[in-house]
Each structure stands twice: as C-alpha cells, then as structure tokens.
**Q** 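Submitted below is the structure of interest, expressed as structure tokens.
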Amino acid sequence: MSVRVRFAPSPTGALHIGGVRTALYNYLFARKNKGTFILRIEDTDQNRLVPGAEDYIIEALKWTGLIPDEGVGFGGDKGPYRQSDRKDLYKKYAEQLVEHGHAYYAFDTPEALDAQRQAEANFTYNHQTRDSLINSLTLPPNAVQAKLLAGEPHVIRLKVEPGQEIHIRDLIRGDVVFQSSELDDKVLLKADSMPTYHLANIVDDHLMGITHVIRGEEWLPSTAHHVLLYRGFGWTQTMPQFAHLPLILKPVGNGKLSKRDGAKFGIPVFPIAWQGDTPEDSFTGFREAGFLPQAVINFMALMGWHPGSDDEIFSLDELVRQFSIEHISKSGARFDYEKAKWFNQRYIQAATDAELAGHIRPLAEARGYRTDAAFLTSVATLMKERVTFLSDFVEQGYFLFEPVSAYDDAMAQKKWNPALQPVFEALIEMLDQTPAFDAASLEAAVKQFMQERGLKPGDIFSLLRLSLAGTMQGPAVFDMAELLGKADTVLRLRTALEYFNRVAGTTAP
RNA sequence: GGUCCGUUCGUCUAGGGGUUAGGACGCAUCCCUUUCACGGAUGAAACACGGGUUCGAUUCCCGUACGGACUACCA
C-alpha cells in the first residue's frame, strides 16, 4: 500500500515554525517513500476561524517549497479537503458509533459542566461520572427520543470502556501504554453538529487512506482515544501508524515556542509575515527578515532530526534521500536563531551571483535604487561573503547604491592628518586621469603613487575606504571603486576631503 | 492534582556495556588579509542524581529530581 500522509493545520492564524516543521517531515516522509503529501484544513471550530489563515498556510507552503500533492488549493480525488466542506459526513459516523454502543448522546450544557468543574477540582466526564449526568446512558430511551425530537442541544460522546490497556506503537517513542479507565468520554460531535478534532481526524484519515500520522507531541495523550475510535468503527486493520514529533521550545526560558516569542525576542517565528487585526497580532516572517527558504528548511530539518552523518547542508532533495523516521529525536529542541542565521549565510554564499541579483532586485526597487542585472550581480559578488540576510545587501551595502550618508567619525579623526591634504588632492587628480578604471589597475596605480611619495599605504587605504563607504567595513576598496566608476569615485573622494577637513577642524586631537 | 513523554557541551545533536564521549552553531586565541568578512588552525565546554545488573555503566533496569505536553462542545 502506498504511503499517504497529511499535514492538517487549523486556520486560526499564522502557521508558526513548529507547524512548518511538521509539514516538512510529512513531506519528506511522503517523498522518501514515493507517497502522497496531503494538505487538509481542519476548520471545525467555527469560533476560532480566522479569515485569511487558509491562504496564509498555502502561501507559506509554497514559499518553503513543500508543495502538497492533494489538498485545498492543490486538487486531488479524495476531497473535499476542508473539513467544513465535509460537515454532513461526520454526523453519520458519530451516529453509527451510538448505534453500536460505542458512543452516546449527552445533554449536559457547557455551563452545567463548568459548574461541575468548579465544584469538583478534578471533574472529568468519564465512566465514573457519566452515570450521574444527563445522557442517553442514564435517561430512559423515550426521554432521549423526546429530547432529540424537540431539538434539544446535545453532543455525542465517546463511550470509553474501562479496564482495557491500549498500546500505541509510536514510530518515534516505541510502545506507549494507556489505561482506558484513565480516559475521559471525549466529545465527538459538538452541539453545532460539527465534529471535534478527534472524530474528524479519524474519519478523514480513514476516508483519505492515510497510512501514517506524523504530528506534534501534543497529540500523544489523545492518541488512545483515537485508537478506541478506530476500534469502534472496525477500522483497526487500516489504522495508520503514529509518529509524534518532539516540540520546538522557546529560545530562552521554559515551554514550547509560541507566536508571541517572535516579538519578545526580536526574531521571526513564522515562515512569512502575518497581518493581523492589531499590531500585536501581526508578525514578520523569515521571508521578510531576509532568509532564503532553503536555509529555513535546512535549519528546521535539523531541529529534531539528524542525517546519521556529520553533514549539515542539505537541499530539499537531499533531505528526501536521507530522511528516516528512526532518526527523529525524542526530546524537544530549543529554537536556535543563531544557527538559523548561520544556515542563511551559508546558503547566500552558495548561491550564484545571478540568483542573488534576483533576490536583491525587489529590495533595491523598494528603495528606489538602480536594478539592472549587471550592477546587482556585481553587488552580489562584492557583498555575498559578508552578509547574513538578503536585506543586508541593500542595508549594509547601501553605499554601493547611493552616496555615503554617514562617516565613521572616530576612524576619520584617527586616520586624517591635515598634512595629507595636498597628497589627497593629488591622488584624486591622479585617479581622475587614470584611463583604466578596473580594480587591478587602480590598485597598481595607487600603490605606485604612494611609493613615489614614500607614503605608507595603510593610511591612504583607510581614507579611501572611508571616502567610498563611510565605514571601515565592506568590500575591497578597489573593487568598490571599479563598481562605482570613475565619476562617482572621484566625486566621493572630493566630498570626503571636505568632510575630513571639517572633522579635523572641529575636534582637536 | 492526574495521565503521558522526555533528560549527552550554553544550543542543535552523534554514539552506545570497555571511546582521548564525535560533529555543528555560538564563544576565545592564532593564521590569512593594511578594512569588514570568508576561509584555515587551535582551545574552553556535556553523559541530571541515587540505587541496582555487570568484571566494567554515559549506555540496560528501577527510583528521584527536573523539564515538557495533555487534562474544552480548541486544534
């Protein structure tokens, strides 16, 4: 039987990085086994539904390259893939369970149950308490019929039989045992006749032929209920195998990573930006922070999984080849932003200058910079070894696009000497007369110029750098000069000369 | 509180009855380079604790501690 796995997010807002990793592992497992990767939208909670969240999920998957074979927005013949579009289906299955004695109607109101929980700290609806509650197990049949006919609000609950051991063979954790006596009678069908996650996920996984359920560790405790449902439906022969993924933890402190941690630590925790109703509910993403999707994928793949070798850099295809569930770790992984940055740096370095030019273009355009391919490619060449984010090309390297806006005063004061005035003027003049304005020729010319005057190259080099970039950081001076061209280079040197005189005048050494 | 899961350098992790406990990020030092980076080299840095089992446990078992998830008519 061919492998079919699903990524089943709930459209309640932006999908954070933990969700993307779950999608990634499902994708890798499907591809590795020549199987099918399905996107199913779990929108059975109408109260928590957020408009736009579904589109966000799809766009995020597309950005990361985790393209589903079937699902909302991707076609497929096992749909519909949006649970609200399958609403009518679930009631039938829930009632089938009632008929076979595996579930029952319950008429207790949410308020009544809340009151119970208030009165009794550890109250749960289970085999011990259901006899004293209002349901089709305690009410005479005709009373139940009367209530149903009268349209009284009710739910359908799973009837958990006590005294059984439920074994789950988790692909990551091995044998996990639950005592059914400890389990509560979970709601399967809500009063609005929408299914809960528990019912919908079993019915849909069965109908969609899902073979492996790869999901977050937070689902492990309710898996026993899910097994009971497969038994109740008589679907145990085709029950999927389970694999519960370790959680992704906060960068510092305790607990799992939450959407608020992004703002709290000043790091992205979403693949792409999310625009909420309020600023507090809006978040940036890795994409907007200047990450390459391949770097994000590579980073996430290694949060909880290892390839069995010392290699660190993997393309999506290589990940597919290497992936195996056995190499997924059991314990939670702390979100390590420094490592994410390192991956991005590596991917930028590995990218071709032409590719990088393509990524720089929209950033340059947004700032009104020139965007011709030849120039952007040169910018990529000069900057790629010294940036961490794509945005650094136009931010840290702004002086390649526009005049210097700020000089490093301390360095200028340290390196400038009024006695250098005539020399600097002569240097500008010399450069202005240089016929070949390429880096190698310029370097040779300047070195000869200094040699003739018995100057130490160090001082002049720093001043040239300051003149062209305003800072001591950046590409090789003559590479910058070549890219800037003669006119711009000479102009910058003249502007800088005025500046040097100014700082030297205002601040006595 | 109950149920379940987990615990190797600061972080991500490899390993597995006898190892100098390996790699990567980060950090430090040095080299390269008259900038910043890249790159290269070196270094500091870990088996939570207590009992077993064993000739020998970081590795297997049991406890304890700590951490986490779940405990809704949310997923």
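When reading the values below, keep in mind they use all heavy atoms of this one structure, side chains included, and skip hydrogens, waters and symmetry mates. So that the names make sense, note that chain A is the first sequence line, chain B the second, and so on, each numbered from 1.
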**Q** For a quick check, tell me whether the side chain of A:K256 and the base of B:A69 share a donor-acceptor pair closer than 3.5 Å.
**A**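 Side chain to base: no pair present.
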**Q** Quick one: A:N126 CG to B:U71 P, roughly how many Å, whole number?
**A**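 The answer, rounded to whole Å, is 15 Å.
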**Q** Examine B:G67: is either OP1 or OP2 under 4.0 Å from a nitrogen or oxygen in the side chain of A:S331? Give yes or no.
**A**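 So the side-chain polar atoms of A:S331 never come under 4.0 Å of the phosphate oxygens OP1 or OP2 of B:G67.
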**Q** For nucleotides 44-48 of chain B, tabulate all protein N/O to nucleotide N/O atom pairs closer than 3.5 Å, reporting atom names and distance.
**A**
none

**Q** Quickly work out the A:L189 CG to B:C73 P distance and round it to whole Å.
**A**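 Roughly 13 Å, once rounded to whole Å.
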**Q** Going by the glycosidic torsion and a 90 degree boundary from 0, is the base of B:C5 oriented syn or anti?
**A**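 That one's anti.
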**Q** I want to know whether A:Y347 and A:F299 have ring centres closer than 6.0 Å.
**A**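 No, the ring centres sit 6.0 Å or more apart.
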**Q** Examine A:F424 together with A:F500 and report whether their ring centres are nearer than 6.0 Å.
**A**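 They qualify: ring centres under 6.0 Å apart.
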**Q** Assign A:P475 to base, sugar-phosphate, or nothing according to its heavy-atom contacts below 4.0 angstrom with the strands shown.
**A**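 Touches a base.
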**Q** Mind running a 4.0 Å heavy-atom check of residues 378-399 of chain A against RNA chain B and sending the residues that fall below it, in number order?
**A**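 Result for residues 378-399 of chain A: A:E385, A:R386, sorted by number.
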**Q** Is A:K147 positioned over the aromatic face of A:F107, cation under 6.0 angstrom from the ring centre and no more than 45 degrees off axis?
**A**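 Yes, A:K147 and A:F107 form such a contact.
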**Q** Just how far, in rounded Å, is P of B:A75 from NE2 of A:H244?
**A**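 The distance from NE2 of A:H244 to P of B:A75 comes to 16 Å, rounded to the nearest Å.
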**Q** Would you mind reporting whether A:K256 and A:F335 have side-chain heavy atoms less than 4.5 Å apart?
**A**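 No, too far: nothing below the 4.5 Å cut-off.
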**Q** In whole angstrom, give the distance that lies between atom CG of A:L468 and atom P of B:C36.
**A**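 The answer, rounded to whole Å, is 17 Å.
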**Q** How is A:A333 classified with respect to the nucleic acid when contacts are heavy atoms under 4.0 Å: base, sugar-phosphate, or nothing?
**A**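 Sugar-phosphate contact only.
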**Q** Using the C1' atom in both, what is the distance from B:C73 to B:U58, to the nearest Å?
**A**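 My reading of the C1' atoms in B:C73 and B:U58 gives 49 Å.
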**Q** Is B:A45 paired to anything, Watson-Crick or G-U wobble with both distances less than 3.5 Å, and if yes, which nucleotide?
**A**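 When the pairing criteria are applied, nothing turns out to pair with B:A45, so the answer is none.
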**Q** Need the pair for B:G1. Rule: Watson-Crick or G-U wobble, both distances under 3.5 Å, any strand; none if unpaired.
**A**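 Partner of B:G1: B:U71.
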**Q** Once you round it to whole Å, what is the distance between P of B:A75 and CD1 of A:I41?
**A**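 Going from CD1 in A:I41 over to P in B:A75 covers 14 Å.
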**Q** Does A:K330 put a side-chain nitrogen or oxygen below 4.0 Å from OP1 or OP2 of B:U13?
**A**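 No, no such contact exists.
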**Q** In whole Å, I'd like the distance from the CG atom of A:D311 to the C1' atom of B:G22.
**A**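 Spelled out: CG on A:D311 to C1' on B:G22 is 14 Å.
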**Q** Can you tell me the pairing partner of B:G18 across any strand shown, Watson-Crick or G-U wobble, with both distances under 3.5 angstrom?
**A**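 Its partner is B:C55 (Watson-Crick or G-U wobble, both distances under 3.5 Å).
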**Q** Provide, to the nearest angstrom, the distance between the CD atom belonging to A:E218 and the P atom belonging to B:G68.
**A**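 Between P of B:G68 and CD of A:E218: 15 Å.
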**Q** Determine which nucleotide pairs with B:A37, using a 3.5 Å limit on both distances of a Watson-Crick or G-U wobble pair.
**A**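 Pairing partner, where one exists within any strand: none, as none qualifies.
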**Q** Whole angstrom is fine here: how far is it from CZ in A:F314 over to P in B:A24?
**A**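 The distance from CZ of A:F314 to P of B:A24 comes to 13 Å, rounded to the nearest Å.
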**Q** Identify the nucleotide, in any strand shown, that forms a Watson-Crick or G-U wobble pair with B:A65, with both distances under 3.5 Å; if there is none, say none.
**A**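 Here B:A65 is engaged in a pair, and the nucleotide opposite it is B:U7.
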